[in-house]
Chemist: 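The structure follows.
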Amino acid sequence: MSSFYNHQPRRKHSQTSFYLKTLHCQSSPVKEYNKDNTQQEYLQNMLRMQQKEIERLEHQNRNLQILTEHQSKIIYQERQNRTHFIPKIQDKDTMGSQQIINKQKVENQLDKPIRLQRKNTINRKLTVLFQQDDTFKLNSLLDLNITDEELINNYQTDGSLSLIEETLNDEDCFLDVIHNYPPQKVSIIYDKLKKLYHEHNLMFHIILKLKLLIQKGFMIQNSKLLDESFQILRESILTIMNSQEVKIYLIDEEKKELYSRQDNHKYQIGEGLVGYVAETKQILNLKKAKYDTRFAPIDSNVILAAPILDNQKCYGVIVCQEKKNAGIYSEEDESLLQLLSEQGKMILCNVMNHNQLMTAVNKFRHALKSSIQFIQLKSQTLLVQHAQKRLKEMMNSEIATIKLVDNIEGQGIMGEAILNKSITYHHNAYNSQSFNPNIDLNTSLPIFTLPVICNKQVVACAQFTQVRGLVQQSSLSSIEQEVLELFLQSFGYLISK
């Protein structure tokens with residue numbers, strides 16, 4: 001290409017520059033020529049100059065076209081050599097080059113059936129893939145109810161991904177599809193590529209949100225206070241969900257209501273939007289909450305609410321109100337809020353475990369103090385009364401009682417526990433056939449009943465209501481059982497004496 005330009009004659013004085021200088025000349029063109037020349041001759045000279053300039057530009061244009069064709073031919077030959085296909089050569093080459101080309105022609109003739117068979121196979125695959133449905137959704141990656149095996153299977157069998165993978169697997173196949181396939185099928189590939197780009201963009205932003213979720217998770221793990229932990233969680237939700245306002249409601253099992261620690265708003269289970277989510281245990285995504293007849297008038301129009309669940313038991317509700325960009329909550333937002341609700345569950349578990357540990361320490365302290373005080377009491381009646389008071393304080397119960405075996409006579413729930421020599425739990429004592437109002441605690445609250453054993457003999461029976469707190473438990477922890485055994489053993493030993 002450079003050699004071509006080197007052989008072109010160089011003009012010392014450009015006619016174009018002369019023409020431009022003439023046009024921009026401020027003095028009259030007629031005055032610059034001899035006075036004998038007429039204005040008509042001047043115009044004819046100008047016309048001849050313009051014609052010569054046009055011829056020069058046409059000559060340059062032809063040269064550029066020749067160079068462009070030469071460059072395209074070189075690129076085409078390189079592409080064909082790379083794909084092991086040599087077209088018919090019209091140019092005269094050297095004998096060595098011709099021998100190499102003839103050898104490649106023979107090899108291509110041998111490979112032609114293989115390439116044709118491969119092309120037919122790819123076309124058959126593409127025909128099937130054009131009709132295959134999409135099975136993979138980006139938000140399914142965040143769904144905790146879908147196993148990894150299902151996700152991998154959906155990803156590998158997705159119609160869009162399989163079609164794009166097969167199309168881009170081979171360059172010849174891709175070019176064949178673009179040039180020879182009907183426009184309708186090419187437009188399908190365009191739509192699927194556009195979808196993949198959109199999902200790639202979503203995945204990038206989701207990864208950033210998950211990164212923030214992990215960072216906040218470490219902060220929550222180090223916090224032992226309920227209010228502090230939920231404040232960190234609320235800040236995480238505000239950022240990740242891009243919400244204007246976030247409220248977290250917890251369930252009070254004893255009062256059967258949800259309450260917010262931010263503004264002390266309370267809802268009964270099943271009441272309003274918050275109670276509805278707690279009752280149904282399903283995520284709720286409203287685009288026009290103001291017009292939803294199921295609930296009382298709501299200030300916000302766009303609302304996303306999710307329950308805090310553990311083994312299908314609801315412990316609270318997270319409510320996101322209005323997005324900052326005046327948009328709506330998507331399916332990806334629903335999946336992200338479910339992950340955030342899992343963090344809410346972990347907060348409750350961590351706080352409860354910490355509280356249980358501190359409670360166990362206090363109970364051991366109560367048991368030791370009670371044992372010392374029992375020794376100082378001389379009357380059996382005072383001993384029973386003091387033991388009842390210490391049991392109520394130790395188990396943080398509303399009601400607690402201890403009765404001697406002689407006063408029970410095998411009746412009521414206490415008599416059943418003495419007979420079985422084991423701890424019993426009743427969610428509602430009134431529903432038990434063994435309930436006796438003269439023996440057992442007269443309450444509808446859940447109760448625990450356990451015998452007092454000394455030297456393998458039952459000497460009394462203790463009964464107390466369910467431990468107060470956010471969550472009701474149908475069994476005592478190992479630490480609570482150990483504390484109770486220590487407390488009741490010391491009481492039983494003194495009673496038997």
Chemist: side-chain contact (heavy atoms from CB on, under 4.5 Å) between Leu284 and Ile303: does it pass, once the steps are laid out?
Modeler: CA-CA 8 Å; Leu284 186 64; Ile303 291 180; over 6 Å; no
Chemist: Tell me, do Phe464 and Ile399 make a side-chain contact under 4.5 Å, heavy atoms counted?
Modeler: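 No; the side chains remain at least 4.5 Å from each other.
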Chemist: Could you state the interatomic distance from CG (Leu208) to NE2 (His205), rounded to the nearest 0.5 Å?
Modeler: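 That separation rounds to 6.5 Å.
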Chemist: What I'd like to find out is whether the side chain of Tyr267 reaches to under 4.5 Å of the side chain of Val277, using heavy atoms alone.
Modeler: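 Of all side-chain heavy-atom pairs linking Val277 with Tyr267, none is under 4.5 Å.
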Chemist: For atom NZ of Lys211, decide whether the heavy atoms of other residues, nucleotides or ligands shown that lie under 6.0 angstrom number more than 12.
Modeler: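 Not more than 12 within 6.0 Å, no.
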Chemist: For the backbone of Asn428 and the side chain of Ser432, can you confirm whether one donor and one acceptor N or O come within less than 3.5 Å of each other?
Modeler: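 Pair absent, no side-chain N/O of Ser432 close to backbone of Asn428.
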Chemist: Is there a side-chain contact between Thr424 and Ile447 (heavy atoms, below 4.5 Å)?
Modeler: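 Contact flag for Thr424/Ile447 side chains = no.
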Chemist: Step by step, would you call Lys345 with Glu342 a salt bridge (Lys or Arg N to Asp or Glu O under 4.0 Å)?
Modeler: CA-CA 5 Å; Lys345 181 191 73 174; Glu342 286 293 313; 3.2 Å; yes
Chemist: Restricting to non-hydrogen atoms, name the atom on Ala289 and the atom on Ser300 that form the minimum distance, rounded to 0.1 Å.
Modeler: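 Looks like CB-O, 3.5 Å.
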Chemist: What's the separation between atom CZ in Phe448 and atom CD in Gln481, rounded to the nearest 0.5 Å?
Modeler: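 Those atoms lie 9.0 Å apart.
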Chemist: Measure the spacing between CG of Asn285 and CD1 of Ile328 and express it to the nearest 0.5 Å.
Modeler: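 If we round to the nearest 0.5 Å, Asn285:CG and Ile328:CD1 are 7.5 Å apart.
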Chemist: Looking just at side-chain N and O atoms, do Tyr430 and Thr443 make a donor-acceptor pair shorter than 3.5 Å?
Modeler: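 The criterion, which ignores hydrogens and geometry beyond distance, is not satisfied for Thr443 and Tyr430.
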Chemist: Does any non-hydrogen side-chain atom of Ile283 lie less than 4.5 Å from one of Leu304?
Modeler: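 In short, these two side chains touch, coming nearer than 4.5 Å.
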Chemist: Could you measure the distance from the CG atom of Leu57 to the CG atom of Asn61? Nearest 0.5 Å is fine.
Modeler: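 The CG atom of Leu57 sits 8.5 Å away from the CG atom of Asn61.
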Chemist: Thinking salt bridges, do Asp299 and Lys290 make one under a 4.0 Å N-O criterion?
Modeler: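 So Asp299 does not pair with Lys290 through a salt bridge.
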Chemist: Evaluate whether atom NZ of Lys288 has more than 12 neighbouring non-hydrogen atoms of other residues, nucleotides or ligands under 6.0 angstrom away.
Modeler: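 Counting neighbours around NZ of Lys288, 12 or fewer heavy atoms of other residues, nucleotides or ligands fall under 6.0 Å, so no.
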Chemist: Kindly give the heavy-atom pair with the smallest separation between Leu273 and Ala305, and that separation in Å.
Modeler: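 Distance-wise, the nearest heavy atoms are CD2-CB, 4.0 Å.
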Chemist: Just wondering, do Tyr315 and Leu309 contact through their side chains at under 4.5 Å, heavy atoms?
Modeler: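 No; the side chains remain at least 4.5 Å from each other.
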Chemist: Are His426 and Asn431 close enough that some pair of their side-chain heavy atoms sits under 4.5 Å apart?
Modeler: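 No, their side chains stay 4.5 Å or more apart.
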Chemist: Under 3.5 Å, is there a donor-acceptor pair between the side chain of Asp292 and the main chain of Arg294?
Modeler: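 Yes; at least one donor-acceptor contact below 3.5 Å.
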Chemist: Using a cut-off of 6.0 Å, state whether more than 12 heavy atoms not belonging to Lys255 lie near its atom NZ.
Modeler: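 Open.
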Chemist: Just by modelled atom types, is the Gln244 backbone N or O under 3.5 Å from a matching donor or acceptor in the Lys323 side chain?
Modeler: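 Checked: no pair found.
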Chemist: What is the minimum heavy-atom distance between Ser341 and Ile318, and which atoms define it?
Modeler: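 Shortest heavy-atom contact: CA-CD1, 3.8 Å.
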Chemist: Apply side-chain contact (heavy atoms from CB on, under 4.5 Å) to Lys52 and Arg56, showing your working.
Modeler: CA-CA 6 Å; Lys52 289 181 179 181; Arg56 188 184 69 81; over 6 Å; no
Chemist: Grab the two heavy atoms, one from Phe435 and one from Leu441, that are nearest each other, plus how far apart they are.
Modeler: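 Scanning both residues, the minimum pair turns out to be CE1-O, 3.4 Å.
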Chemist: When rounded to the nearest 0.5 angstrom, what is the spacing between CG in Leu484 and CD1 in Ile423?
Modeler: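 So the CG of Leu484 and the CD1 of Ile423 are separated by 7.0 Å.
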Chemist: Determine whether Ile240 and Leu210 satisfy the following criterion, side-chain contact (heavy atoms from CB on, under 4.5 Å), listing intermediate values before the conclusion.
Modeler: CA-CA 8 Å; Ile240 293 174; Leu210 291 177; over 6 Å; no
Chemist: The criterion is salt bridge (charged side-chain N to carboxylate O under 4.0 Å, His left out); which residues satisfy it with Glu322, sequence neighbours excluded?
Modeler: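 Scan of Glu322 (salt bridge (charged side-chain N to carboxylate O under 4.0 Å, His left out), adjacent residues dropped) gives none.
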Chemist: How close do Pro446 and Tyr425 get, counting heavy atoms only, and between which atoms?
Modeler: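 Scanning both residues completely, I find the closest heavy atoms to be CB-OH, 3.4 Å.
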Chemist: Are the side chains of Leu336 and Met241 in touch, meaning some heavy atoms are under 4.5 Å apart?
Modeler: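 Answer yes - side chains close enough.
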Chemist: Is it true that, when you exclude Lys247 itself, more than 12 heavy atoms of the residues, nucleotides or ligands shown sit nearer than 6.0 Å to its NZ?
Modeler: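 Buried by this count: over 12 neighbours within 6.0 Å.
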Chemist: What's the spacing between Tyr329 OH and Asn242 CG if we round to 0.5 Å?
Modeler: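 The OH atom of Tyr329 sits 8.0 Å away from the CG atom of Asn242.
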Chemist: Please confirm whether the backbone N or O of Ser330 pairs with a side-chain atom of Asp333, one donor and one acceptor, at under 3.5 Å?
Modeler: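 Pair found, side chain donor or acceptor close to backbone of Ser330.
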Chemist: Would Leu212 and Ser236 satisfy side-chain contact (heavy atoms from CB on, under 4.5 Å), going step by step from the backbone distance to the final call?
Modeler: CA-CA 8 Å; Leu212 177 62; Ser236 302; 5.6 Å; no
Chemist: Quick one, Val319 and Val246 - any side-chain contact, counting heavy atoms below 4.5 Å?
Modeler: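 A side-chain contact under 4.5 Å is absent here.
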Chemist: Is the side chain of Ser397 donor-acceptor paired with the backbone N or O of Thr465 at a distance under 3.5 Å, no angle test?
Modeler: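 Indeed, once roles are kept as given, a pair shorter than 3.5 Å links the two residues.
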Chemist: Return yes when atom CG of Asn201 has more than 12 non-hydrogen atoms of other residues, nucleotides or ligands closer than 6.0 Å, and no otherwise.
Modeler: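 Yes.
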Chemist: Determine whether a donor-acceptor pair (N or O, by modelled atom type, separation under 3.5 Å) exists between the side chain of Glu271 and the backbone of Gln268.
Modeler: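 Yes; judged by distance alone, with no hydrogens or angles, the pair exists.
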Chemist: Check this for me, if you would: do Glu245 and Arg234 make a salt bridge, where the nitrogen-to-carboxylate-oxygen distance has to be below 4.0 angstrom?
Modeler: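 Salt bridge flag = yes for Arg234 with Glu245.
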